Amino acid sequence: MIGRWAKYFLGCAIVVLLVGCESRPTDRGQQYKDGKLTHPFELVNNPNAQNKPVNGKDFAQQVYEISQSSPSLYAKYRDTYQAIFQWMAADAEGGELKQFSIDTYQMEGVDNYGNVQFTGYYTPVIHARHTKQGEFKYPLYAMPKKSKKMRRLPDRAGIYSGALDGLGLELAYSNSLVDNFMMEVQGSAYVDFGDGTPLVFFAYAGKNGRGYYSIGKVLIDRNEVPREEMSMQAIKRWAEQHSEAEVRELLEQNPSFVFFKPRHSAPVKGASAVPLIAKASVASDKTLVPAGSTILAEVPLLDNQGKFTGRYEMRLMVALDVGGAIKGHHFDIYQGIGDEAGHWAGYYNHYGRVWVLSTPQDASALTSPAAAK
């Protein structure tokens with residue numbers, strides 16, 4: 001009997017053919033101690049993945065976006081994508097992937113027991129104005145051009161002190177220094193100018209070349225926030241309870257600074273220049289999991305306070321982005337746009353299992369010298 005996804009995926013398959021420091025597992029969802037894995041990727045003929053993917057429609061949409069935006073990337077993994085569609089159309093279980101010529105490589109995780117780290121990122125919506133006015137006084141900057149007078153770009157403290165004043169780099173002014181900082185961490189945002197015009201996408205344009213330092217770690221080291229409670233929400237709560245000068249001093253502990261470029265009517269894209277579908281795309285360490293690779297992920301489910309519920313859901317996701325902090329057995333799940341997406345992105349720092357899926361025809365990307373490191 002063909003399952004509930006059959007009509008959708010068979011149709012989608014035809015359409016597609018036509019066409020951003022590793023931590024160790026803690027109590028945040030560590031469950032897997034069923035035997036030490038000895039390699040970064042362990043071929044598993046019958047993966048013990050529980051349940052079926054919950055996001056089949058979103059995965060198909062993500063593959064469609066790849067086919068439209070990056071035909072070469074789509075061609076590289078065409079066989080794998082189509083085999084996965086056939087597997088899902090048959091309403092098959094995880095242990096039946098091999099019957100559809102899909103090889104599954106389980107990632108060893110950060111502890112060699114399969115615990116792969118999941119964090120989250122999202123696209124904020126920032127309120128701003130075109131000119132400095134009232135509470136809207138915190139500038140978002142375009143990328144400066146290096147010159148004889150500015151051979152090296154200033155650090156965050158220097159920028160906050162006016163090092164870029166008079167250069168005409170101000171793109172907009174927001175009403176929150178913390179929101180600007182969170183926008184930098186996420187790498188992009190939509191900006192609402194409050195005048196009834198469409199939101200403008202501010203894409204990543206570059207950074208100042210200074211090292212990134214976690215302000216979350218600063219708060220933990222200062223005993224301001226307990227380590228087990230650290231999250232994006234915890235940082236925002238701390239900022240709400242402290243003065244502007246104290247907030248600025250904290251943010252200046254991270255010398256790295258990000259610049260932007262406005263893009264009207266632009267979708268959110270990752271490093272692969274492909275529009276991202278929420279919870280169907282991830283940022284990965286491309287030396288382990290190259291762009292375009294499909295992962296089957298057992299993702300921990302959280303409650304509304306960010307606590308692990310003891311339950312998981314299976315998701316199919318495509319590696320389409322990268323991130324400075326995304327190294328090794330760590331995936332950053334794209335959560336979407338706006339406050340709700342930010343709520344979940346701020347909480348995720350948990351562990352689950354991951355299987356990298358590949359057909360024999362597409363396996364070369366995972367067995368290259370770079371991916372095998």
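Worth saying up front: this structure is predicted, and the values here are computed from it rather than measured.
- The aromatic rings of F259 and F257 lie tilted to each other, with the angle between the two planes from 30° to 60°.
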N349 and Q117: CA distance, side-chain angles, deciding distance, side-chain contact (heavy atoms from CB on, under 4.5 Å) verdict: CA-CA 7 Å; N349 187 9; Q117 184 180 11; 2.7 Å; yes
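- Residues Y348 and F118 keep their aromatic ring centres 6.0 Å or farther apart.
- Judged by distance alone, with hydrogens and angles left aside, the side-chain atoms of N55 form no donor-acceptor pair with the main-chain N or O of D58 at under 3.5 Å.
- Distance check, rounded to the nearest 0.5 Å: CD of Q241 to CD of E246 gives 11.0 Å.
- S161 is linked by a side chain to side chain donor-acceptor pair (under 3.5 Å) to R248, counting only residues two or more places apart in sequence or in another chain.
- A donor-acceptor contact shorter than 3.5 Å is absent between the side chain of H329 and the backbone of N112.
- In this structure, L276 CG and Y121 OH are separated by 5.0 Å, a value rounded to the nearest 0.5 Å.
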side-chain contact (heavy atoms from CB on, under 4.5 Å) assessment of Q253 paired with R222: CA-CA 12 Å; Q253 301 310 302; R222 293 178 177 179; 3.8 Å; yes
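- Just one of T80, D103, I102 meets the side-chain contact (heavy atoms from CB on, under 4.5 Å) condition when paired with P360; it is D103.
- A side-chain donor-acceptor contact under 3.5 Å links S174 and N180.
- Across V289 and A319, no two heavy atoms sit closer than the pair CG1-CB, 4.0 Å.
- At a threshold of 4.5 Å between side-chain heavy atoms, the hydrophobic network of Ile, Leu, Val, Met, Phe, Trp and Tyr places L302 and F331 in one connected group.
- Sorted pairs that involve residues 148-167 and meet ring-ring contact (aromatic ring centres under 6.0 Å, His included), not counting sequence neighbours, are lacking altogether.
- Among all heavy-atom pairs drawn from A297 and V354, the shortest one is CB-CG2, 4.2 Å.
- At most 12 non-hydrogen atoms from other residues, nucleotides or ligands lie less than 6.0 angstrom from CZ of R311.
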Chi angles and distances behind the side-chain contact (heavy atoms from CB on, under 4.5 Å) call for L357, I295: CA-CA 6 Å; L357 307 184; I295 65 170; over 6 Å; no
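- Listed by first and then second residue, the ring-ring contact (aromatic ring centres under 6.0 Å, His included) pairs involving residues 126-146 are H130-F193 (not counting sequence neighbours).
- When side chains are defined from C-beta on, T294 counts as touching F59, because their heavy atoms get closer than 4.5 Å.
- Proximity of W355 to M314: side-chain heavy atoms (C-beta onward) are separated by under 4.5 Å at one or more points.
- Remark: S69 OG to Y64 OH distance equals 9.5 Å, nearest 0.5 Å.
- Within a 6.0 Å sphere centred on CG of D339, heavy atoms belonging to other residues, nucleotides or ligands number 12 at most.
- Note: the hydrophobic cluster containing Y173 does not contain V200 (ILVMFWY, side chain heavy atoms under 4.5 Å, direct or indirect links).
- With sequence neighbours excluded, no residue forms a ring pair (Phe, Tyr, Trp, His ring centres under 6.0 Å) with F260.
- In this structure, K76 NZ and S293 OG are separated by 7.5 Å, a value rounded to the nearest 0.5 Å.
- The shortest side-chain heavy-atom distance between Y351 and D111 does not fall under the 4.5 Å cut-off.
- The two residues F201 and P267 have their closest heavy-atom pair at CE2-O, 4.0 Å.
- Under the 4.5 Å side-chain criterion, counting only non-hydrogen atoms from C-beta, E184 is not in contact with N254.
- Residues D321 and I326 have side chains not in contact (no heavy-atom distance under 4.5 Å, counting atoms from C-beta outward).
- Remark: D221 pairs with K217 by the side chain to side chain donor-acceptor pair (under 3.5 Å) rule, at least two apart or across chains.
- Residues satisfying the salt bridge (charged side-chain N to carboxylate O under 4.0 Å, His left out) test with E224, not counting sequence neighbours, are none.
- Atoms CD and CD1, on Q335 and I333 in that order, are 6.0 Å from each other to the nearest 0.5 Å.
- Transitive grouping of hydrophobic side chains (ILVMFWY, heavy atoms separated by less than 4.5 Å) keeps L140 and I159 in distinct clusters.
- Here the shortest heavy-atom pairing between G211 and P255 reads O-CG, 3.2 Å.
- S284 is not listed as a side-chain neighbour of V322, based on a closest heavy-atom distance of 4.5 Å or more.
- For the side chain to side chain donor-acceptor pair (under 3.5 Å) test, no residue two or more places apart in sequence or in another chain qualifies with R151.
- Pairs passing the salt bridge (Lys or Arg N to Asp or Glu O under 4.0 Å) check and including a residue from residues 163-181, sequence neighbours excluded, do not occur.
- Minimum interatomic distance between V247 and A239 (heavy atoms only, all atoms of both residues): CG2-O, 3.7 Å.
- E93 pairs by the salt bridge (charged side-chain N to carboxylate O under 4.0 Å, His left out) definition with K52, not counting sequence neighbours.
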Stepwise side-chain hydrogen bond (donor to acceptor under 3.5 Å, both in side chains) check, D195 with T197: CA-CA 6 Å; D195 55 5; T197 58; 2.5 Å; yes
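- Between V282 and V318, every side-chain heavy-atom pair lies at or beyond the 4.5 Å cut-off.
- Atom CG of L316 is separated from atom NZ of K279 by 15.0 Å, given to the nearest 0.5 angstrom.
- F85 and V274 fall within a single hydrophobic cluster, where Ile, Leu, Val, Met, Phe, Trp and Tyr are joined by side-chain heavy atoms under 4.5 Å apart, directly or via other members.
- In this view, Y212 satisfies the ring pair (Phe, Tyr, Trp, His ring centres under 6.0 Å) rule with no residue, not counting sequence neighbours.
- Across every non-hydrogen atom of E313 and R315, the tightest pair is OE2-NE, 2.8 Å.
- Aromatic ring orientation, H350 versus F308: tilted (interplanar angle from 30° to 60°).
- Every residue was checked against the salt bridge (charged side-chain N to carboxylate O under 4.0 Å, His left out) condition with K307, not counting sequence neighbours, and none meets it.
- Within the 3.5 Å criterion, the main-chain N or O of G114 finds no donor-acceptor partner in the side chain of Q106.
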CA sep, side-chain torsions, deciding dist, call: T123, Y334, side-chain hydrogen bond (donor to acceptor under 3.5 Å, both in side chains): CA-CA 8 Å; T123 305; Y334 180 62; 2.8 Å; yes
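- Proximity of M182 to I126: side-chain heavy atoms (C-beta onward) are nowhere separated by under 4.5 Å.
- For Y122, the ring pair (Phe, Tyr, Trp, His ring centres under 6.0 Å) criterion is met by no residue, not counting sequence neighbours.
- No chain of hydrophobic side-chain contacts below 4.5 Å, direct or via other Ile, Leu, Val, Met, Phe, Trp or Tyr residues, connects M183 to V178.
- Residues Q61 and E65 bring a donor and an acceptor atom of their side chains to less than 3.5 Å of each other.
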